[in-house]
Amino acid sequence: MRQPSDAPPEHNDKLRRRSLRLRQLIGLVDQVVVASARLGEVVARVCPAAPAPLVIGDLADDLSVVPVSAYARLQARWSLWRADASLPPRGPQAPTRLVWFGDQGGDWAPVGLCDIAAMRPLLERLNREFPLHLSVISNNRSKYRRLFADAAFPHRYLQWNAQTFPQLLAQHDIVLIPASDNEFTACKTDNRVVSAFRAGLPVVASPIPSYRRYAAAMEPGDLEAGLRRYLRMPTLRQLHALRGRTLAERYSAPGPILDRWQQALQPVAQPLPLPGYARAS
């Protein structure tokens, strides 16, 4: 659950009221479903009277189901052409194309664009040894400009769009998924890792609990050590990308996830009568 942070007091009050209402609601339900095991632990701790949480992971995103007009499709093709033209060309001495994607973040926790901005010193240092280029795919251009205004390495901003995201992601070499060490990020699902692997890309990520099952296919933990290995060993990147795609397809397969939802939606064995209602004999 989101906890109040260093946001303005009125914002914290709003979050506290929201949290209280959510806890009250959870006490009335027959089943609680969460998207990660760590989030289930948090719910069980802060709502001890609630049913034991059932963990059901995310399905892989299928952005092809998003309705779109013919005009929007033309705009998407134009955006992709511009994005491709703004990348450095491929070649033996060409920069390695790094990408970060995600929501801009909010006041409830230090997450979002501030996570990739925290990697700036590392990327500036590595760029002196290995030519780098960073793409940021997000939803707040002004915040990006503020955080990267004087960054000492090539970078660009791309607006997130359901029509262009899969193709934009596939233009790159390595996905960066840094995360602040807090309870909010610890509860995150593996959806971004799955998106990266399904696009055929290797991942350098912070050690979030939901990423542990991909340890054989990624560089979790020390961001600098992991990124250096990938920059020096392109063949390792390719190997991990292939392993990661296999794991992502296994863990995000619809069948097991739908089975879990069927389990969650089973009617309670003995529904309780409403107050003041007498069951007919």
Taking the side chain as everything from C-beta on, heavy atoms only, tell me whether [X] gets closer than 4.5 Å to [Y].
{"X": "F101", "Y": "S135", "answer": "no"}
{"X": "T96", "Y": "F130", "answer": "no"}
{"X": "V32", "Y": "V34", "answer": "yes"}
{"X": "L169", "Y": "P166", "answer": "no"}
{"X": "R156", "Y": "V136", "answer": "no"}
{"X": "R229", "Y": "L231", "answer": "no"}
{"X": "L134", "Y": "V99", "answer": "no"}
{"X": "N127", "Y": "P154", "answer": "yes"}

With distance as the sole test, does [X] use its side chain to make a donor-acceptor pair with the main-chain N or O of [Y] at under 3.5 Å?
{"X": "K188", "Y": "I208", "value": "no"}
{"X": "N139", "Y": "Q104", "value": "yes"}
{"X": "R23", "Y": "C47", "value": "no"}
{"X": "D115", "Y": "S180", "value": "yes"}
{"X": "T185", "Y": "D181", "value": "no"}
{"X": "R97", "Y": "L87", "value": "no"}

**Prompt:** Atom CG in D58, atom OG1 in T189: separation rounded to 0.5 Å?
**Reply:** 4.0 Å
**Request:** Applying salt bridge (charged side-chain N to carboxylate O under 4.0 Å, His left out), name anything that partners R212, two or more places apart in sequence or on another chain.
**Result:**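 R212 satisfies salt bridge (charged side-chain N to carboxylate O under 4.0 Å, His left out) with no other residue.
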**Asked** Under the salt bridge (charged side-chain N to carboxylate O under 4.0 Å, His left out) test, which residues partner R120, sequence neighbours left out?
**Response**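 Here the qualifying residues are E124, D150.
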Considering all heavy atoms of both residues, which atom of [X] and which atom of [Y] are nearest to each other, and what is their separation?
{"X": "A241", "Y": "F197", "answer": "O-CD2, 4.4 Å"}
{"X": "A217", "Y": "G244", "answer": "CB-N, 3.5 Å"}
{"X": "Y157", "Y": "S138", "answer": "OH-O, 3.0 Å"}
{"X": "A216", "Y": "R243", "answer": "O-NH1, 2.8 Å"}
{"X": "P95", "Y": "P88", "answer": "CD-CB, 3.8 Å"}
{"X": "P51", "Y": "V29", "answer": "CG-O, 3.5 Å"}

**Request:** Could you give me the CA-CA distance, side-chain angles and deciding distance for D173 and R90, then say whether salt bridge (Lys or Arg N to Asp or Glu O under 4.0 Å) is met?
**Result:** CA-CA 11 Å; D173 300 316; R90 298 287 191 185; 2.6 Å; yes
Can you give me every donor-acceptor pair (side chain of residues 246-257, partner residue at least two apart or in another chain, under 3.5 Å) with its distance?
from	atom 1	to	atom 2	distance (Å)
T246	OG1	L242	O	3.3
S252	OG	A248	O	2.5

**Prompt:** Is it true that the side chains of R146 and S142 contain a donor and an acceptor less than 3.5 Å apart?
**Reply:** no
**With sequence neighbours excluded, residues passing side-chain contact (heavy atoms from CB on, under 4.5 Å) with A264** = Q31, V33, L54, I56, W261
**Prompt:** Out of L227, I116, V175, which one pairs with L98 under the side-chain contact (heavy atoms from CB on, under 4.5 Å) rule?
**Reply:** L227
**Request:** Could you walk me through whether R232 and R228 pass the side chain to side chain contact (heavy atoms under 4.5 Å, CB included) test, one step at a time?
**Result:** CA-CA 6 Å; R232 288 176 176 147; R228 280 184 179 278; 3.6 Å; yes
**Item:** Set of residues satisfying ring-ring contact (aromatic ring centres under 6.0 Å, His included) with respect to H172, sequence neighbours excluded
**Value:** none
**Complete:** Contacts of F148 meeting ring-ring contact (aromatic ring centres under 6.0 Å, His included) (sequence neighbours excluded), chain-then-number -> Y144, H155
**Prompt:** Looking at the rings of Y230 and H240, which for Trp means the six-membered one, are their centres under 6.0 Å apart?
**Reply:** yes
**R45 vs E183, salt bridge (Lys or Arg N to Asp or Glu O under 4.0 Å): CA-CA, chis, key distance, verdict** = CA-CA 13 Å; R45 186 181 75 241; E183 191 170 60; 2.8 Å; yes
